[in-house]
Visitor: 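Got a structure for you, written out below as structure tokens; questions coming shortly.
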Amino acid sequence: EPSHPIWSSSFFPAWFGEEAGRWTDSKPRLVWRTLFGFSPPQESEARGWLAAASSGDAAAEQRLFTLAPVEKADIALGHFQFPAQTYALKHSHNGHPRYWNGLCNGVGAAALAELEPFRVVDVIGVDGSHIAFHPNDVKALLAVAYFKTKEIRYVGESCNKIGFDAAKDCSMDPSVLVMALINRIGLAHDSFLVDALPTIAIQFYPVARARVHVAREPYEVGKIPVDPSLVGRVTTLVDVVLDLTMSSTTLRYDRANVIDPSGADGSRYERVGLVPVSFTYHATIALDASSEMIGGRWTGNPAEGPDAAIFVSGGPALEQNGNLTAADTIPWSFVRELAHASTDDGPARPTLDLRTHCDGRCP
């Protein structure tokens, strides 16, 4: 197991607006916006909500609370032309996305590196206005931040084949996955992402637990067919079973929207934690004369494995000014401090004042 606890989440589907989607709205309403388009609020409208909320208007406070994660970020940062929202809408509601597109790689990478947000954070914007960020808003912004990381390495590649047996060509080499599981998780106690679908569709999951079982000790090749590229090199074969427990990135929004009744101030939501998705793979691994793994084939029913293993490190990719590469008007310092506040287990309701935080970059 990796040493860092991994949490599960929605992948913020593009059909529902991704980080630009007002995820508390109904699914039909979110899909309607994808079919017919959606626009950010006008500056006057947003400032009107803020003014009403500051005077104690509960309806205005609720209106602000149900905005999309990047709408809230734009308001908190004083960007009333909504540049982050406008950019996000281009590849979600207004971008005619495939139904499976989303931020699964970003939320998966965030779960590998960050603690799970579980508290509402009262953000004081650069102009002194207040706007509350739900833990799911924080997860969405973390997913955007980790959508592009400083370092990313693919072993295998995403499938672009459409057919009845795409997995035959798209499944990664099982010997490489065995090596990655044993070295990365077993020895380093770190983890990585797996594209579990050997098809043109993509679904990234973080690996939360793995078990590599030797089902049959090394045995002679005999008459078993060997790929021409390995003829003369293979001396023995070994059968393995890989049991992978992945962390779900396909949860419904409401899974993270359950108030923790033990919190007196209403800022605590129940942690989602690990929601497991289990995969079992069978494979035969080819060994050379020195018992090095030199190849393999999938042998299960169906005889297939995942598309690729993806190794991310170094934190979010940033522009020179410290803003996110995947959302270049949002400072990483803001998202980082927001995420840290949302994991604060102290008695007081978490607050983030952008007039004094974010390394001076938020304004």
Side-chain angles (χ1 to χ4, degrees), residues 2 98 100 104-105 108-109 149 151-188 190-246 277-313:
R98 292 172 174 171
W100 65 75
C104 58
N105 65 310
T149 55
E151 295 184 22
I152 180 167
R153 293 183 175 88
Y154 272 75
V155 178
E157 56 186 32
S158 295
C159 183
N160 59 10
K161 181 176 181 179
I162 299 176
F164 289 108
D165 193 14
K168 181 179 179 180
D169 296 322
C170 291
S171 297
M172 67 180 295
D173 189 314
S175 65
V176 179
L177 183 58
V178 169
M179 190 176 297
L181 293 171
I182 292 173
N183 285 330
R184 184 80 168 201
I185 300 181
L187 296 180
D190 201 351
S191 191
F192 54 92
L193 305 178
V194 167
D195 180 2
L197 304 181
T199 66
I200 195 169
I202 295 172
Q203 193 65 51
F204 293 102
Y205 297 107
V207 182
R209 287 192 295 270
R211 180 176 182 269
V212 180
H213 173 63
V214 177
R216 183 180 178 187
E217 297 287 343
Y219 56 93
E220 298 297 323
V221 176
K223 296 183 179 180
I224 297 174
V226 174
D227 187 271
S229 65
L230 297 179
V231 170
R233 297 178 58 199
V234 181
T235 59
T236 55
L237 305 173
V238 58
D239 295 342
V240 297
V241 179
L242 310 180
D243 291 313
L244 270 59
T245 300
M246 314 282 204
V277 181
S278 298
F279 291 83
T280 297
Y281 302 108
H282 297 257
T284 296
I285 306 299
L287 307 178
D288 67 9
S290 60
S291 294
E292 297 249 352
M293 294 187 290
I294 58 173
R297 63 184 175 90
W298 300 103
T299 59
N301 185 20
E304 62 183 45
D307 248 9
I310 302 93
F311 303 87
V312 294
S313 59

Visitor: To the nearest 0.5 angstrom, please state how far the OG1 atom of Thr149 sits from the CG atom of Asn105.
Guide: 8.5 Å

Visitor: Compare every heavy atom of Pro174 with every heavy atom of Gly296, then report the nearest pair and how far apart it is.
Guide: C-CG, 3.5 Å

Visitor: Are the side chains of Val312 and Glu151 in contact, using a 4.5 Å heavy-atom criterion?
Guide: no

Visitor: Decide yes or no for Val240 and His213: does some side-chain heavy atom of the first lie under 4.5 Å from some side-chain heavy atom of the second?
Guide: no

Visitor: Do the rings of Tyr205 and Phe279 sit parallel, tilted or perpendicular, given the 30° and 60° boundaries?
Guide: tilted

Visitor: Measure the CG-CD1 distance between Leu193 and Ile152 for me, rounded to the nearest 0.5 Å.
Guide: 7.5 Å

Visitor: Leu237 and side chain to side chain contact (heavy atoms under 4.5 Å, CB included): which single residue from Ile285, Leu287, Val226, Val221 fits?
Guide: Val221

Visitor: Distance from Arg297 atom CZ to Leu230 atom CG, nearest 0.5 Å?
Guide: 12.0 Å

Visitor: Which pair of heavy atoms, one from Ala283 and one from Thr299, lies closest together, and at what distance?
Guide: N-OG1, 3.4 Å

Visitor: Taking the side chain as every heavy atom from C-beta outward, state whether Pro306 and Trp298 have any atom pair closer than 4.5 Å.
Guide: yes

Visitor: Examine distances only and state if a side-chain atom of Ser191 and a backbone atom of Ala208 form a donor-acceptor pair shorter than 3.5 Å.
Guide: no

Visitor: With side-chain contact (heavy atoms from CB on, under 4.5 Å) as the test, would you mind laying out the steps for Leu242 and Leu181 before giving the verdict?
Guide: CA-CA 9 Å; Leu242 310 180; Leu181 293 171; 4.3 Å; yes

Visitor: For residues 236-245, which residue pairs pass the salt bridge (Lys or Arg N to Asp or Glu O under 4.0 Å) check, not counting sequence neighbours?
Guide: Arg211-Asp243

Visitor: Using salt bridge (charged side-chain N to carboxylate O under 4.0 Å, His left out) as the criterion, list what pairs up with Asp190, not counting sequence neighbours.
Guide: Arg184

Visitor: Identify, with sequence neighbours excluded, every residue that meets salt bridge (charged side-chain N to carboxylate O under 4.0 Å, His left out) alongside Arg216.
Guide: none

Visitor: What's the separation between atom SG in Cys104 and atom CG in Asp195, rounded to the nearest 0.5 Å?
Guide: 7.5 Å

